[in-house]
Amino acid sequence: MAPAHCSRAALWLALSVGLVGCAGAERPVHSATAADASSATAAPGLANAELRQSLLAPGPPQQAGLPAAEGGAAPATVTLITPPVARQAVLDAREAMQKKQWSRLEGLAPLAQADPVLGAYAEYWLLRQQLQDSSQPVPDARLQRFMAVNQDAYLADKLKADWIVAAARSGNYALVNRLGPVVNSNAHVECSRLLSQHMAGERVKSVQVMAAFQPNRACWSMLDQMESSKVVGWKELEPLLRATLETNKTGDAQRLAAVMFDTTDMVAYAALMKNPKKWLAGRKPPRSRADIELVTIALSRLAYGKERSENAAYVESAWSKSIPKPNIEWVWSQFGLVAALNVEQDAAAWYRRSGNARLTDYNHAWQVRAELRQPRIDWDWVAKSIRRMSAGQAAEPVWVYWYARALAAQGNQKAAAQHYESIAGELSFYGQLASEELGKTPVLPPAPAVVSAAELQAAKSNPGLQRAIQLFDLGWRPEAVPEWNFAIKDMSDRQLLAAAELARQEHIYDRVVNTSLRTEKEIDFTQRFIAPFEGRVAEKARLINLDPAWVYGLIRQESRFITDARSRVGASGLMQLMPATARWVAKKIGMKDFSPSSVNDFDTNTVLGTNYLSMVLSNLNGSQVLATAGYNAGPGRPVQWRSKLAAPVEGAIFAETIPFTETRLYVKNVMSNATYYAMLFTGKPHSLKERLGTVSPLPQKRIDLP
């Protein structure tokens, strides 16, 4: 029977469109065979009719401990059984989508609808393709029906986003404005909406345009129109072009330059980007705004390459008086930035030549990092550099911490303590360090109340979580993760804890961590820092004298405990081993039964991963900071970065000044994770500062590790 609060009509509608429509539905059972699929395909109309007749089945009695329905009666539970034919149709539909077999997908979509959990995916893939194919008319009625039937579901929101982008691309701005916002927005959607609002006569502000812009097709169209309509101009575009050049995204920079400059200037731009010194040779001091900017960009490009010192002398002698002071200060900041990204000691000196210029946040960050690597840190310069950041960046824990350190070094202990206190409660790398600066004993937050049976059952009955779990079961992580995230977006702390506990029961460990991380007041460290696999990781770590807390901290960052995780560069398994590294380590330790296909096997991956980590640690003088960086970026890189130090630095400074963004964040997260795991495993306080230690300069040496 259906639950008392769900009408028979509503239940039938939910079943007929392939959704779980009523609370209390249990997780569907699914299995399928090729024979089922072929028989259903032969007569789809008959098969669908028969399937719908079989969807309802008697449910089990109310579980013990769950609340009763009104009047004291136990609520009935509906078990939605997924017909094997329907599930196979979903599987086949995904294959058809991946192979771009659109006519086959069209035939499978009606049959897949009888899958009450995943049936909507087939039609979504079909409608998405039709939106992307400009040669086909947009199926407006079908899109509206899909969103009405699947309202409040992830796929409806995703399809709406796709529809907005397609409508804006075709010039149907009125439709975009009628569709309105989406829950899970992105730059494509926001740029499409801003363009449509502007084209409909609504006022759009330049700050909105610049906040939404990302280098994608929809945003380029928006930016072209906004520049043409003078919503944005040189004031907004010049900083964006410079910021893009700073990150060396030359393709995007050229596209931006084309928005700013005319055809003649673009010829000059192309020439100076190819050979800036040749383009500058013999030129007279610039007069127009465009010429000044072109010369400024050309001078900044002289910071790249091996002739930086000679080029700097040329800039000083030939051009320092020929362009405005703010422009030449930005040029010197580029010399500082390139030197900082190469962890060279002269970076701070170049930055000091940039004076008090307001730079991009990215550049100010490296201005601070360059100073932190100095043998004698100018803390006043650190403080001034952080004050010149935007308010948003200066408020980030990393810069709050280093600003407090600067204040303390200048003798302002009271103000420093206030800044430390503002982040000391944050469960993060800099929250931990700030707490230690205040002299607080590191402690774990109090454990929340255990998730109740009723709370867990509510999570199990959530249609979005049900869909996500079945997608995870199929190995469809690209679909499963956004489904899960959409389902938890508005949950309270208690609901999030229950959802995380459900993920734990289902062995979906990355969702345990990421879901629990969203709680604000009730914090369960056994979820946030889950240690699965019944101690088998710790056992392998201890066998080769590795710190189990550090190994767990690394795995948490590498794979979130997904055994079959695979990175974009091909690293595999819990410890994200590259194929060549796995083969090398297997040979080195004499693993007889190794094969490339076994890298995702738990035992194989952890044995190889812990042994490789131990080798890296041994080659890097036992420093966990250096070894963590080496595990991520290659063991030779931290050796190179260390060799360029002029004096010993705190481990925190070494970590913060790693020039690779991914590795810098990775090291900070792993070291923070390891400290929390150590506290969980021992029940005792542990110091992050002690774990980070000190990194001393040593000559570069060859590391014979892959």
Side chains of [X] and [Y], donor plus acceptor under 3.5 Å:
X      : Y      : answer
His507 : Tyr509 : yes
Asn632 : Thr663 : yes
Thr657 : Trp641 : no
Tyr631 : Gln557 : no
Thr519 : Arg528 : yes
Ser385 : Glu371 : no
Tyr154 : Glu479 : no

With a 4.5 Å cut-off on side-chain heavy atoms, are [Y] and [X] touching?
X      : Y      : answer
Thr606 : Phe533 : no
Phe429 : Glu656 : no
Val649 : Leu372 : no
Arg542 : Pro548 : yes
Val667 : Phe654 : no
Glu421 : Lys440 : yes
Asn485 : Asn184 : no
Lys489 : Arg518 : yes

[X] side chain to [Y] backbone, donor-acceptor under 3.5 Å:
X      : Y      : result
Asp493 : Lys521 : yes
Gln527 : Leu497 : yes
Ser672 : Lys668 : no
Asp524 : Ser516 : no
Asp157 : Val182 : no
Asn621 : Ser623 : no
Arg556 : Asn669 : no
Gln393 : Asp361 : yes
Thr628 : Gln624 : yes
Gln374 : Ala370 : yes

Return all side-chain donor-acceptor pairs below 3.5 angstrom for residues 407-418, not counting sequence neighbours, or 'none' if the list is empty.
| residue | atom | partner | partner atom | Å |
| --- | --- | --- | --- | --- |
| Gln410 | NE2 | Asp380 | OD1 | 3.1 |
| Asn412 | OD1 | Ala415 | N | 3.2 |
| Gln413 | NE2 | Ala408 | O | 3.1 |

| note | Partner of Thr675 under side-chain contact (heavy atoms from CB on, under 4.5 Å), picked from Leu688, Leu680, Leu692, is Leu688
| Between Arg504 and Glu501, does at least one N-O distance fall below 4.0 Å, as a salt bridge requires? | yes
[atom2] on [Y] to [atom1] on [X], rounded to 0.5 Å:
X      : Y      : atom1 : atom2 : answer
Gln466 : Ser461 : CD    : OG    : 6.5 Å
Thr610 : Leu554 : OG1   : CG    : 11.0 Å
Lys540 : Ser614 : NZ    : OG    : 15.0 Å
Trp484 : Ile469 : CH2   : CD1   : 5.0 Å

Indicate every side-chain donor-acceptor pair of residues 561-568 with a distance under 3.5 Å to a residue at least two apart or in another chain.
| residue | atom | partner | partner atom | Å |
| --- | --- | --- | --- | --- |
| Arg566 | NH1 | Ser572 | OG | 2.8 |
| Ser567 | OG | Val569 | N | 3.2 |
| Ser567 | OG | Gly570 | N | 3.3 |
| Ser567 | OG | Ala571 | N | 3.0 |
| Arg568 | NH2 | Glu662 | OE1 | 3.2 |

| field | From CA spacing to verdict: side chain to side chain contact (heavy atoms under 4.5 Å, CB included), Leu502, Thr515 | value | CA-CA 10 Å; Leu502 174 60; Thr515 303; over 6 Å; no
Indicate the atoms forming the closest heavy-atom contact of [X] with [Y], along with that distance.
X      : Y      : result
Leu645 : Ser696 : CD1-C, 4.3 Å
Ala647 : Pro697 : C-CD, 3.6 Å
Ile386 : Ala394 : O-CB, 3.9 Å
Val382 : Ala406 : CG1-CB, 4.2 Å
Met491 : Gln495 : CA-OE1, 3.3 Å
Pro442 : His686 : CG-O, 3.3 Å

| request: Applying side chain to side chain contact (heavy atoms under 4.5 Å, CB included), run through Leu577 and Val585 and close with a yes or a no. | output: CA-CA 10 Å; Leu577 291 166; Val585 177; 5.8 Å; no
| field | Those residues that, when tested against Phe525, pass ring pair (Phe, Tyr, Trp, His ring centres under 6.0 Å) (two or more places apart) | value | Phe529, Tyr676
| message | Which residues pass the ring pair (Phe, Tyr, Trp, His ring centres under 6.0 Å) test with Phe681, not counting sequence neighbours? | response | Tyr552, Tyr677
| task | Give the C-alpha distance, both sets of side-chain angles, the deciding distance and a yes or no for side chain to side chain contact (heavy atoms under 4.5 Å, CB included) between Leu471 and Val481. | result | CA-CA 9 Å; Leu471 290 165; Val481 169; over 6 Å; no
So is [X] actually on top of [Y]'s ring, under 6.0 Å and inside 45° of the axis?
X      : Y      : result
Arg511 : Phe472 : no
Arg388 : Trp381 : yes
Arg369 : Trp366 : yes

In residues 633-640, what donor-acceptor pairs under 3.5 Å come from side-chain atoms, sequence neighbours left out?
| residue | atom | partner | partner atom | Å |
| --- | --- | --- | --- | --- |
| Arg637 | NH1 | Ala633 | O | 2.9 |

| Please, which pairs that meet salt bridge (Lys or Arg N to Asp or Glu O under 4.0 Å) have at least one residue in residues 671-689, sequence neighbours excluded? | Glu437-Lys689
| message | Tell me whether the count of non-hydrogen atoms from other residues, nucleotides or ligands lying under 6.0 Å of NZ in Lys384 goes above 12. | response | no
| field | side chain to side chain contact (heavy atoms under 4.5 Å, CB included) evaluation trace for Val670 with Glu558 | value | CA-CA 9 Å; Val670 169; Glu558 281 284 0; over 6 Å; no
| request: Apply the test salt bridge (Lys or Arg N to Asp or Glu O under 4.0 Å) to residues Lys460 and Glu506: give CA-CA distance (whole Å), side-chain angles for both, the deciding distance (0.1 Å), then the verdict. | output: CA-CA 11 Å; Lys460 290 179 178 179; Glu506 298 288 342; over 6 Å; no
| task | Kindly assign one of parallel, tilted or perpendicular to the pair Tyr430 and Tyr401, based on the angle between their ring planes and the thresholds 30° and 60°. | result | tilted
